[in-house]
Amino acid sequence: GAVVSQHPSRVICKSGTSVKIECRSLDFQATTMFWYRQFPKQSLMLMATSNEGSKATYEQGVEKDKFLINHASLTLSTLTVTSAHPEDSSFYICSARPPGTGPRQPQHFGDGTRLSIL
Amino acid sequence: AQKITQTQPGMFVQEKEAVTLDCTYDTSDPSYGLFWYKQPSSGEMIFLIYQGSYDQQNATEGRYSLNFQKARKSANLVISASQLGDSAMYFCAMRESGNQFYFGTGTSLTVIP
């Protein structure tokens, strides 16, 4: 089945550092990928929709300059948390869905990245 | 209005018993899909089961079944013969005509030995 790989799985870094998270579709081409943020014991909150070859679409309240998204190829989207601060600590997870498939095809998720900013 | 509502923040079930996790949804789109995902403490999202708005029968996948009541806009997940490994967060999600998924707030299930 469709596989989405996310890297790294865990990041611990100092305040002020920029952190890049990669999301790859391993066996299909994804023109669209989604980035979510999840706080402990809460639901997934959609941050942005990553579109291959064009600008990402951000949800209301998500800072574009803070969370930079690049979708340079059909198999790779990256989320960069710029100048990270402790309040950016969270679980970030990406998803993608093979194009051209029927409505029954679920979103496939990466394993997520736990980001801890000290 | 919330697209997906899960009213049970936490549920407990005895091992080997069945449990129902509630999900109601709100949409005016005639074509939509409903999904259930399991999220263990490790964080990955595991797809469990799908129900399409035009499906005549309730979906089943092994020990998982979906009690789909279209008129009531509910899509409850039934887990039969609960196992200790079923302890996790469970999310109900909906996709309308577009590609975006809407997630509920989740239900934390604990299976008691």
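This one's a predicted model, so the numbers in the text were calculated from it and none came from an experiment. Below, all heavy atoms of this structure are taken into account, side chains as well, without hydrogens, waters or symmetry copies. Within every chain, numbering begins at 1; the chains are lettered A, B, ... in the order of the sequence lines, protein sequences first and strands thereafter.
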Whichever hydrophobic residues join B:F12 through chains of side-chain contacts under 4.5 Å: B:I112
Residue pair B:T105 / A:S43: nearest heavy atoms and the distance that separates them: CA-CB, 3.6 Å
- prompt: Under a single-linkage definition using a 4.5 Å side-chain heavy-atom cutoff for Ile, Leu, Val, Met, Phe, Trp and Tyr, are A:Y92 and A:V4 assigned to the same hydrophobic cluster?
  reply: no
message: Under 4.5 Å from any heavy atom of chain A, what part of B:Q6 do you find: side chain, backbone, both or neither?
response: neither
query: Cluster question for you: counting only ILVMFWY and a side-chain heavy-atom cut-off of under 4.5 Å, with indirect links fine, are B:Y64 and B:V19 together?
result: yes
task: Mark yes when over 12 heavy atoms from residues, nucleotides or ligands other than B:K70 sit less than 6.0 Å from its NZ; otherwise mark no.
output: yes
query: When hydrophobic residues are tied together by side-chain contacts of less than 4.5 Å, even through go-betweens, does B:L84 share a cluster with B:V13?
result: yes
- request: Considering only heavy atoms and a distance below 4.5 Å, find which of A:T49, A:D111, A:I93 pairs most often with chain B.
  value: A:D111
- prompt: So which of B:G43, B:S108, B:G106 has the biggest tally of heavy-atom pairs under 4.5 Å with chain A?
  reply: B:G43
Same cluster (ILVMFWY, side-chain, under 4.5 Å), B:F47 and B:W36: no
message: If I measure from the heavy atoms of chain A, does B:S41 come under 4.5 Å with its side chain, its backbone, both, or neither?
response: backbone
field: Rounded distance (nearest 0.5 Å) linking atom CE of B:M45 with atom CG of A:L44
entry: 4.5 Å
- line: Separation between CG (A:L46) and CZ (B:F101), nearest 0.5 Å, reads 11.5 Å
field: Residues, nucleotides or ligands: over 12 heavy atoms within 6.0 Å of A:E87 CD
entry: yes
field: Linked, directly or transitively: B:I4 and A:M45 (ILVMFWY side chains, under 4.5 Å)
entry: no
message: Can you tell me if B:Q69 has over 12 outside heavy atoms packed within less than 6.0 Å of its CD?
response: yes
message: Looking at every non-hydrogen atom in both residues, tell me the closest pair between B:F35 and A:P106 and how far apart they are.
response: CE2-CA, 3.5 Å
message: So for atom NZ, which belongs to A:K55, do other residues, nucleotides or ligands contribute more than 12 heavy atoms lying within a distance under 6.0 Å?
response: no
Among B:A93, B:G52, B:G104, residue most engaged with chain A (heavy-atom pairs, under 4.5 Å): B:G104
- prompt: Roughly how far, to the nearest 0.5 Å, is the OG atom of A:S9 from the CD atom of B:E44?
  reply: 11.0 Å
field: Inter- and intrachain pairs under disulfide bond (SG atoms under 2.5 Å apart), touching residues 16-61 of chain A, at least two apart
entry: A:C23-A:C94
query: Which members of residues 75-84 of chain A, sorted by number, sit under 4.5 angstrom from chain B on a heavy-atom basis?
result: none
B:Y37 portion near chain A, given a 4.5 angstrom heavy-atom threshold: side chain
message: For residues 36-83 of chain A, which residue pairs pass the ring-ring contact (aromatic ring centres under 6.0 Å, His included) check, not counting sequence neighbours?
response: A:Y36-A:F109, A:Y36-B:F103
query: Non-hydrogen atoms of chain B under 4.5 Å away: do they reach the side chain of A:Q38, the backbone, both or neither?
result: side chain
